[in-house]
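Okay, so here's the structure we're looking at.
The model shown is predicted, which means the values in this text are computed figures rather than measured ones. Below, all heavy atoms of this structure are taken into account, side chains as well, without hydrogens, waters or symmetry copies.
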Amino acid sequence: MMNIQLKRVYEEPGDTDGKRILIDRLWPRGVTKAKAQIDIWLKDIAPSTELRTWFGHDPSKWYDFKQRYKNELKNNSETVSKLREQMAQGKVTFVYSAKDKEHNDAVVLAEYLGERE
């Protein structure tokens, strides 16, 4: 199994990050491309705008958000395949901007790909 790391875009990039993949649909506020050091921006792997807006990072909606986002991922096989290709090449870091490190799309994405419990 390839190793997936999750990291906020506001954290310093590290030597052990591997390929840094931004998984947000929108570019993070206040972060330059140089500071973010993103290798690939996979906008289409992010939750739909409708789902993201509905969730609003409300922990009480977490369970439903996870189920809905996983359904979106099931119907997004082309982009998921692109991500799996990157993972097959070595370590990756899913970079995201959400403040909540426990309830965000990166957590669901890693879980969906079978890399986290």
Side-chain angles (χ1 to χ4, degrees):
M1 297 278 261
M2 293 295 113
N3 194 9
I4 293 177
Q5 189 169 252
L6 308 181
K7 201 176 233 188
R8 288 192 75 219
V9 71
Y10 304 103
E11 297 175 47
E12 287 296 316
D15 294 338
T16 61
D17 286 354
K19 193 162 285 188
R20 291 173 54 84
I21 303 172
L22 180 63
I23 60 157
D24 288 347
R25 191 167 299 279
L26 305 173
W27 188 265
R29 288 186 186 168
V31 178
T32 64
K33 290 183 179 179
K35 184 171 179 4
Q37 295 181 27
I38 298 300
D39 296 304
I40 300 168
W41 184 8
L42 271 183
K43 297 177 197 179
D44 294 335
I45 201 79
S48 65
T49 300
E50 295 79 16
L51 180 56
R52 185 175 47 82
T53 303
W54 170 82
F55 176 48
H57 299 285
D58 178 350
S60 70
K61 296 179 178 178
W62 176 239
Y63 179 79
D64 288 335
F65 171 76
K66 283 174 51 168
Q67 300 314 313
R68 291 179 187 190
Y69 183 33
K70 286 178 182 180
N71 280 337
E72 287 186 356
L73 290 168
K74 285 178 193 163
N75 294 312
N76 193 1
S77 58
E78 185 179 329
T79 306
V80 170
S81 292
K82 286 181 192 174
L83 185 54
R84 287 190 189 280
E85 287 170 21
Q86 295 302 318
M87 293 167 57
Q89 296 174 25
K91 186 171 189 174
V92 297
T93 295
F94 293 166
V95 181
Y96 63 94
S97 60
K99 289 178 185 171
D100 187 337
K101 292 183 176 189
E102 310 260 325
H103 305 100
N104 65 67
D105 52 336
V107 172
V108 180
L109 183 57
E111 188 178 287
Y112 180 80
L113 294 168
E115 296 294 326
R116 288 175 54 122
E117 308 226 343

### Message
Let me confirm one number: the CD1-OG1 distance from Ile38 to Thr93, rounded to the nearest 0.5 Å.
### Response
9.5 Å
### Query
Looking at residues at least two apart in the chain, or sitting in another chain, which of them share a salt bridge (Lys or Arg N to Asp or Glu O under 4.0 Å) with Glu12?
Lys35
### Query
Val80, Leu109: one ILVMFWY side-chain cluster at the under-4.5 Å cut-off?
yes
### Message
Would you compute the distance between atom CG of Leu22 and atom CD of Gln37 and round it to the nearest 0.5 angstrom?
### Response
13.5 Å
### Task
Please check if the side chain of Asn104 supplies one atom and the backbone of Ala98 the other of a donor-acceptor pair under 3.5 Å.
no
#### Entry: Partner set under ring pair (Phe, Tyr, Trp, His ring centres under 6.0 Å) for Trp54, not counting sequence neighbours
none
### For Asp17, all residues meeting salt bridge (Lys or Arg N to Asp or Glu O under 4.0 Å), sequence neighbours excluded
Lys7, Arg20
### Message
Taking side chain to side chain donor-acceptor pair (under 3.5 Å) as the definition, give me every residue that meets it alongside Asp100, ordered by chain and number, with sequence neighbours left out.
### Response
His103
### Query
Taking atom CD of Gln67 and atom CH2 of Trp62, what is their separation to the nearest 0.5 Å?
10.5 Å
### Message
Are Val92 and Val107 linked, directly or through intermediate hydrophobic residues, by side-chain heavy-atom contacts shorter than 4.5 Å (ILVMFWY only)?
### Response
yes
### Message
Going by side chain to side chain contact (heavy atoms under 4.5 Å, CB included), name the residues that satisfy it together with Asp44, two or more places apart in sequence or in a different chain.
### Response
Arg25, Thr79
## Note on the structure
In short, Trp27 meets Ala36 closest at the heavy-atom pair CZ2-CB, 4.0 Å
### Residues forming a side chain to side chain donor-acceptor pair (under 3.5 Å) with Lys43, sequence neighbours excluded
none
### Backbone N/O of Leu26 and side chain of Trp41: donor-acceptor pair under 3.5 Å
no
### Contacts of Ile40 that satisfy side chain to side chain contact (heavy atoms under 4.5 Å, CB included) - sequence neighbours left out
Lys19, Ile21, Leu42, Gln86
### Query
What do the steps show when you test Tyr112 against Leu83 for side-chain contact (heavy atoms from CB on, under 4.5 Å), and what is the final call?
CA-CA 12 Å; Tyr112 180 80; Leu83 185 54; over 6 Å; no
### Summary
By ring pair (Phe, Tyr, Trp, His ring centres under 6.0 Å), Phe55 pairs with (sequence neighbours left out) His57, Phe65
### Query
Restricting to pairs with a member in residues 49-65, which pass salt bridge (charged side-chain N to carboxylate O under 4.0 Å, His left out), not counting sequence neighbours?
none
### Task
Evaluate the side-chain proximity of Arg29 to Ser97: yes if any heavy-atom separation is below 4.5 Å, no if none is.
no
### Message
List the residues meeting side chain to side chain donor-acceptor pair (under 3.5 Å) with Asn71, not counting sequence neighbours, and say none if there are none.
### Response
none
### Query
Got a second to check how far Tyr63's OH is from Lys66's NZ, nearest 0.5 Å?
8.0 Å
### Query
How long is the gap from CG on Leu73 to CG on Leu113, to the nearest 0.5 Å?
7.5 Å
#### Entry: Residues that Lys70 engages under salt bridge (Lys or Arg N to Asp or Glu O under 4.0 Å), provided they are two or more places apart
Glu111
### Summary
Sequence neighbours excluded, the answer for side chain to side chain contact (heavy atoms under 4.5 Å, CB included) partners of Arg8 is Tyr10, Glu11, Tyr96, Lys99, Lys101
### Message
Between Asp105 (side chain only) and Val108 (backbone N and O only), is there a donor and an acceptor less than 3.5 Å apart?
### Response
no
### Task
Search all heavy atoms of Asp39 against all heavy atoms of Gly18 and return the closest pair with its distance.
OD2-O, 3.8 Å
